[in-house]
Amino acid sequence: MKYPFLLLLPLVLAGCQQDSAPTRALPAARIGKQTITEQDINDRLPFLSAEDREFAKTPLGHQNLVQIITREKLIAADARTTGIADSDEYRSLLADKRAQLDQIYNEFAADTLERLWYHKLEESGSLAVSNSEVDDYFKKYPYEMTIKQIIVDNAQTADQVLRTLKAYPSRWKEMERQYSTAPEALKQFSFMPGEYLDNIAVIAANSPSGKPQGFFKTAQGFHIIMKTGERRLSKKDAEPRIREVLKNKKTDDVLDSLKNKYEVVIYEKSE
């Protein structure tokens, strides 16, 4: 069996080869006045791989881990003595890492809070979707549409692009490449009503295929769309998508009520 931290063993094992088993009594090692205890050894175990933890349970593995920690403490002691720990480079690197860890912690805290909020909402039954709700939705929207779209960040450009495309639909790729800010996933895609922006879905549903339509303002920008296809879905394929749509709509209803409760105002930048 091969153990990653066994690679360090030849560098430090010479002084302990005469003992057949490690000394388990405290302390495990000493560097000057600094003591390495069995607790220090145990504290390191969770950071090892499962394979290395098993090895550390053996006499040889335990002694090897003691030697590794001793070497690390020895380097740290000399780094402090020689002034490395007080250097601007060291302090700068620590400050950068602390900022990174603070950001990771804050993001984790926000994500966890949101996840628990959703979990509580689901437990309350507020997001439950009944079979009859699915059936009613499928009767209204038993299809999906495929569109391609160009999104630009200002009305003047959107108007220019739309005029060009209405006169020359074959220039779609050229206009897309030159002006569109849409991510790749939103350049051409298929969706059921409710899976994408409602106003875009309504326009697409009532538009003939192959005709540029626009432009329509949303929070994403100014949209120019062209429906390229439409197909009817089977109930089996549509049902899980409908359940997700209805669940999201129920979530949006809750959030809308909270916007009123907490007096949310979103300021839109001027065009």
Side-chain angles (χ1 to χ4, degrees), residues 111-153 158 161-162 164-166 168-177 179-259:
D111 289 345
T112 301
L113 198 61
E114 182 175 335
R115 177 172 52 81
L116 293 176
W117 182 86
Y118 276 112
H119 181 66
K120 183 178 180 180
L121 195 61
E122 287 181 330
E123 282 190 328
S124 71
S126 301
L127 305 184
V129 176
S130 68
N131 292 335
S132 61
E133 287 177 307
V134 173
D135 291 339
D136 290 343
Y137 198 89
F138 184 71
K139 288 177 183 177
K140 293 180 181 178
Y141 309 111
Y143 59 89
E144 71 171 10
M145 299 168 287
T146 300
I147 67 167
K148 54 185 180 180
Q149 68 174 339
I150 291 172
I151 304 176
V152 297
D153 58 9
V161 172
L162 180 61
T164 300
L165 290 174
K166 283 193 171 183
Y168 308 101
S170 62
R171 294 182 63 183
W172 185 279
K173 280 292 184 183
E174 175 190 342
M175 295 292 101
E176 178 187 81
R177 185 168 53 252
Y179 296 107
S180 186
T181 62
E184 195 64 36
L186 292 181
K187 288 181 179 178
Q188 181 163 332
F189 60 102
S190 299
F191 64 97
M192 288 186 69
E195 290 182 328
Y196 190 48
L197 303 170
D198 287 343
N199 53 345
I200 300 296
V202 170
I203 293 160
N206 292 283
S207 299
S209 295
K211 297 286 187 180
Q213 306 290 328
F215 53 91
F216 316 103
K217 184 180 179 183
T218 73
Q220 297 176 359
F222 296 86
H223 301 242
I224 298 164
I225 70 168
M226 182 191 293
K227 183 163 71 174
T228 61
E230 182 175 314
R231 72 182 183 97
R232 184 178 180 87
L233 298 170
S234 68
K235 176 71 177 301
K236 180 180 178 181
D237 289 339
E239 182 171 353
R241 295 169 65 175
I242 291 173
R243 288 190 180 278
E244 190 66 21
V245 166
L246 294 176
K247 180 180 175 181
N248 289 338
K249 287 183 177 295
K250 290 174 185 284
T251 303
D252 288 343
D253 290 342
V254 173
L255 291 173
D256 286 341
S257 68
L258 292 179
K259 287 179 182 178

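Being a predicted model, the structure only gives us computed values, none of them experimental. Numbering starts at 1 and runs along the sequence shown. Computed from heavy atoms alone, side chains included, the values below leave out hydrogens, waters and symmetry copies.
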(request) Report the distance from atom CE of Met145 to atom OG of Ser207, rounding to the nearest 0.5 Å. (result) 9.0 Å
(message) Counting C-beta onward and ignoring hydrogens, is there a side-chain heavy-atom pair between Trp117 and Val254 closer than 4.5 Å?
(response) yes
(request) Using the side chain to side chain donor-acceptor pair (under 3.5 Å) rule, pick out the option among Glu176, Lys187, His223, Lys227 that qualifies with Gln149. (result) His223
(message) What's the separation between atom CZ in Phe138 and atom CZ in Arg241, rounded to the nearest 0.5 Å?
(response) 11.0 Å
(request) Test side-chain contact (heavy atoms from CB on, under 4.5 Å) on Ile150 and Trp172 and set out the steps. (result) CA-CA 9 Å; Ile150 291 172; Trp172 185 279; 3.8 Å; yes
(message) Evaluate Arg231 against Tyr143 for side-chain contact (heavy atoms from CB on, under 4.5 Å), listing each step before the verdict.
(response) CA-CA 6 Å; Arg231 72 182 183 97; Tyr143 59 89; over 6 Å; no
(message) For the CD1 atom of Ile203 and the CD atom of Gln213, what is their distance to the nearest 0.5 Å?
(response) 8.0 Å
(request) Measure the spacing between CG of Asp111 and CG of Leu116 and express it to the nearest 0.5 Å. (result) 11.0 Å
(message) Pair Phe215, Val161 - check side-chain contact (heavy atoms from CB on, under 4.5 Å), show working.
(response) CA-CA 9 Å; Phe215 53 91; Val161 172; over 6 Å; no
(message) Walk me through whether Val129 and Lys250 qualify under side-chain contact (heavy atoms from CB on, under 4.5 Å).
(response) CA-CA 9 Å; Val129 176; Lys250 290 174 185 284; 4.0 Å; yes
(request) Determine the minimum heavy-atom distance between Ile224 and Ala158, stating which atoms define it. (result) CD1-O, 3.4 Å
(message) Show the nearest heavy-atom pair for residues Glu195 and Val245, with the distance to one decimal.
(response) CG-CG2, 3.6 Å
(request) Would you confirm whether Glu174, through its side chain, and Arg171, through its main-chain N or O, come within 3.5 Å as a donor-acceptor pair? (result) no
(request) May I ask you to decide if the ring planes of Tyr137 and Tyr141 are parallel, tilted or perpendicular, using 30° and 60° as cut-offs? (result) tilted
(message) Within the supplied structure, the quantity of interest is the number of heavy atoms (other residues, nucleotides, ligands) at a distance under 6.0 Å from Lys235 NZ; does it exceed 12?
(response) yes
(message) Tell me the closest heavy-atom pair linking Asn199 and Lys217, and the distance in Å.
(response) ND2-O, 4.0 Å
(request) Could you tell me the separation between the NZ atom of Lys148 and the OG1 atom of Thr228, rounded to the nearest 0.5 Å? (result) 7.0 Å
(request) Would you check if the side chain of Thr146 reaches a backbone N or O of Ser190 as a donor-acceptor pair within less than 3.5 Å? (result) no
(message) Whether Glu133 and Lys249 form a salt bridge (side-chain N of Lys/Arg under 4.0 Å from carboxylate O of Asp/Glu) is what I want to check.
(response) no
(request) State, with a plain yes or no, whether a side-chain heavy atom of Ile147 is found less than 4.5 Å away from one of Phe189. (result) yes
(message) Minimum heavy-atom separation for Pro193 and Ala201, please, with both atom names.
(response) CA-CB, 4.4 Å
(request) Please indicate whether Tyr168 has more than 12 foreign heavy atoms, meaning atoms of other residues, nucleotides or ligands, lying under 6.0 Å from its OH. (result) no
(request) Enter the distance from Arg115:CZ to His119:NE2 here, rounded to the nearest 0.5 Å. (result) 9.0 Å
